[in-house]
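Take a look at the structure below.
Source: prediction; values computed, not measured. Computation of the quantities below employed the complete heavy-atom set of this structure, encompassing side-chain atoms and omitting hydrogens, waters and symmetry-equivalent molecules. Order of the sequence lines fixes the chain letters, A, B, ..., with proteins taken first and strands second; residue numbering starts at 1 for each chain.
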Protein chains: 2
Amino acid sequence: MDTEKAIDKAEHNCLEHGVKLTPKRKSVLEILLESKHPQSAYEIADLYQQKLAEKIPAMSVYRMLEFLIEQGLVHKLASTNKFLACSHITCTHSHKTPQFLICDNCQTVNEIGIDSSLIAALEQSISDNHFKLSSPQLELHGLCEACQTN
Amino acid sequence: MDTEKAIDKAEHNCLEHGVKLTPKRKSVLEILLESKHPQSAYEIADLYQQKLAEKIPAMSVYRMLEFLIEQGLVHKLASTNKFLACSHITCTHSHKTPQFLICDNCQTVNEIGIDSSLIAALEQSISDNHFKLSSPQLELHGLCEACQTN
DNA sequence: ACATTGACGTTATATTGTATCAATCTTGTT
DNA sequence: AACAAGATTGATACAATATAACGTCAATGT
Ligand SMILES: [Zn+2]
Ligand SMILES: [Zn+2]
Ligand SMILES: [Zn+2]
Ligand SMILES: [Zn+2]
């Protein structure tokens, strides 16, 4: 993933939506874009301090994450309480409901687009239960290709 | 759900597996069986104290929950950090991978069995990504039937 | 009887997240 | 420039969730 390109896209996106990608927000996004794995809010605060030689309160990190999540630039993994940059920032296609394959061995996450017909079937099955889905973010745990062979 | 029946089944199940459903573990399970909503570990500790007029350390609650989860009697909702009794303790059929419909308004949870062909398709789509699923517990958030009408 | 194991208590600590109020920076308007 | 209004961030405190480390006791099997 090209960090610079993603940042450009993010800035453009924020401009369109009339919100501001401040320097600190941008730094937090950069940190996540450059991270191989999802990071906790406090880990992000540490990385921020390492990268910018400037302390940042955890509270602020949470607020910036909240902003980035609202803009669809970052996702939160509820099952691990960690955050990661959206893999599709630079894509042109509209962002579907995200599905994550989380490797429990090496922590890498693959944000995939599950077949939309499959999601539709899933939603159908759910509406058969008279339930109204808000946003079906799926977090699936297992082993990635590399970790299966070991 | 018939609590007594579920407890009987749980005891039988533990006997079969050569593990012990101690009185405290049983009480924790009872508390969850009688709860309308998922409960956090600390909430369970409070309920335990109310019900049995005896304090119990949160640490112990976590250990008992761990045991009950291992035995498939209790599930943990990763997205809310709460615990609930399995809805299928009294069922004879084998327990499939659990899928939860979580109402974000009233907190009730419906543990459904999603169509197995759908799960198979999901697993296929995932293995196409060279990923090996461990246990695809799905937690889906939205509104239950009652809360949709309000 | 003895060693081993499991269950539970106790205490401390780590991790994750929120509430509140103050300070500062932008922005638009006068 | 001066000001008001709002957004952003800092600072502090605290709540909620979870784990680590170590001790006690009872059950179990030899
Ligand atoms: Zn995404
Ligand atoms: Zn892996
Ligand atoms: Zn279940
Ligand atoms: Zn509801």
Side-chain angles (χ1 to χ4, degrees), chain A residues 10-11 14-15 17-32 35 37-49 51-71 73-84 102 104 107 139, chain B residues 10-11 14-15 17-29 31-32 35 37-49 52-71 73-84 102 104 107 139:
Chain A
E11 268 180 332
C14 285
L15 215 64
H17 291 73
V19 294
K20 275 174 289 189
L21 189 65
T22 66
K24 305 207 170 189
R25 286 168 176 170
K26 193 192 291 189
S27 293
V28 167
L29 179 54
E30 275 173 6
I31 285 167
L32 288 180
S35 293
H37 314 308
Q39 307 283 348
S40 77
Y42 284 81
E43 287 166 347
I44 293 168
D46 288 345
L47 291 168
Y48 188 101
Q49 183 168 2
K51 182 174 179 177
L52 304 185
E54 180 196 347
K55 270 204 178 182
I56 188 168
M59 182 74 246
S60 292
V61 174
Y62 275 108
R63 279 191 289 229
M64 287 155 198
L65 288 171
E66 185 185 19
F67 171 87
L68 294 169
I69 289 169
E70 273 170 7
Q71 300 306 314
L73 301 169
V74 165
H75 300 296
K76 171 172 185 179
L77 298 180
S79 55
T80 57
N81 299 317
K82 294 194 189 311
F83 304 84
L84 76 170
I102 304 163
D104 289 327
Q107 278 62 257
E139 301 180 19
Chain B
E11 268 179 332
C14 286
L15 214 65
H17 290 74
V19 294
K20 274 175 291 191
L21 188 66
T22 65
K24 304 206 171 193
R25 286 168 176 170
K26 193 192 292 190
S27 293
V28 168
L29 178 55
I31 285 168
L32 287 181
S35 292
H37 313 308
Q39 307 284 346
S40 78
Y42 284 81
E43 286 165 348
I44 293 168
D46 287 346
L47 292 168
Y48 187 101
Q49 184 169 2
L52 305 184
E54 180 196 345
K55 270 203 178 183
I56 188 168
M59 182 73 247
S60 292
V61 174
Y62 275 108
R63 277 191 292 232
M64 288 154 198
L65 288 170
E66 184 185 20
F67 171 88
L68 294 169
I69 290 170
E70 273 169 6
Q71 300 306 312
L73 301 169
V74 164
H75 300 296
K76 172 171 184 178
L77 299 180
S79 55
T80 57
N81 300 315
K82 294 194 190 310
F83 303 85
L84 77 170
I102 303 164
D104 289 328
Q107 278 64 256
E139 301 181 19

- request: Identify the two heavy atoms, one from Y48(A) and one from V28(A), that lie closest to each other, and give their separation to 0.1 Å.
  value: CD1-CG2, 4.4 Å
- prompt: Say you draw a straight line from CG of L32(A) to NE2 of H75(A); how long is it, rounded to the nearest 0.5 Å?
  reply: 11.0 Å
message: To the nearest 0.5 Å, what is the distance between CZ on R25(A) and SG on C14(A)?
response: 8.0 Å
query: Shortest non-hydrogen contact from Q107(A) to P38(A)?
result: O-CD, 3.4 Å
- line: Taken in chain and number order and not counting sequence neighbours, the residues that satisfy side-chain hydrogen bond (donor to acceptor under 3.5 Å, both in side chains) with K20(B) are none
field: Spacing of E66(B) atom CD relative to dA7(C) atom P, expressed in whole Å
entry: 10 Å
task: Figure out the OH/C1' separation between Y48(B) and dG9(C), and round it to whole Å.
output: 12 Å
- request: Look at N81(A) and dG17(C) and indicate whether a side-chain polar atom (N or O) is within less than 4.0 Å of OP1 or OP2.
  value: yes
- line: Atom NZ of K82(A) and atom C1' of dT17(D) are separated, to the nearest Å, by 14 Å
- prompt: Phosphate oxygens OP1/OP2 of dG17(C): is one of them under 4.0 Å from a side-chain N or O of K76(A)?
  reply: yes
field: Global bending angle along the helix from dA1(C)-dT30(D) to dT30(C)-dA1(D), which compares the axes of five pairs at either end, to 10 degrees
entry: 20°
query: With H17(B), which residues qualify under side-chain hydrogen bond (donor to acceptor under 3.5 Å, both in side chains), at least two apart?
result: N13(B)
Give every donor-acceptor pair under 3.5 Å between a side-chain atom in residues 53-66 of chain B and any protein atom, sequence neighbours left out.
unit_1	atom_1	unit_2	atom_2	d
E54(B)	OE2	K24(B)	NZ	3.2

- prompt: For nucleotides 4-11 of chain D, read 5' to 3', which letter fits each nucleotide if B means a protein heavy atom sits under 4.0 Å from the base, S means only the sugar-phosphate is that close, and - means neither?
  reply: ----SBBB
query: Would you say the side chain of F67(A) lies within less than 4.5 Å of the side chain of V74(A), judging by non-hydrogen atoms?
result: no
- request: Strictly below 4.0 Å, heavy-atom distances to any atom of DNA chain C: list the hits from residues 37-46 of chain A, or just say none.
  value: S40(A), Y42(A)
- request: For K26(B), enumerate each residue passing the side-chain hydrogen bond (donor to acceptor under 3.5 Å, both in side chains) test, keeping only those at least two apart in sequence or located in another chain.
  value: E11(B)
message: With heavy-atom distances below 4.5 Å as the criterion, would you say the side chains of L47(A) and K51(A) are in contact?
response: no
Please list every donor-acceptor pair under 3.5 Å in which a side-chain atom of residues 77-84 of chain A meets a protein atom from a residue at least two apart or in another chain.
unit_1	atom_1	unit_2	atom_2	d
S79(A)	OG	E139(A)	OE1	2.5
S79(A)	OG	H141(A)	NE2	2.9

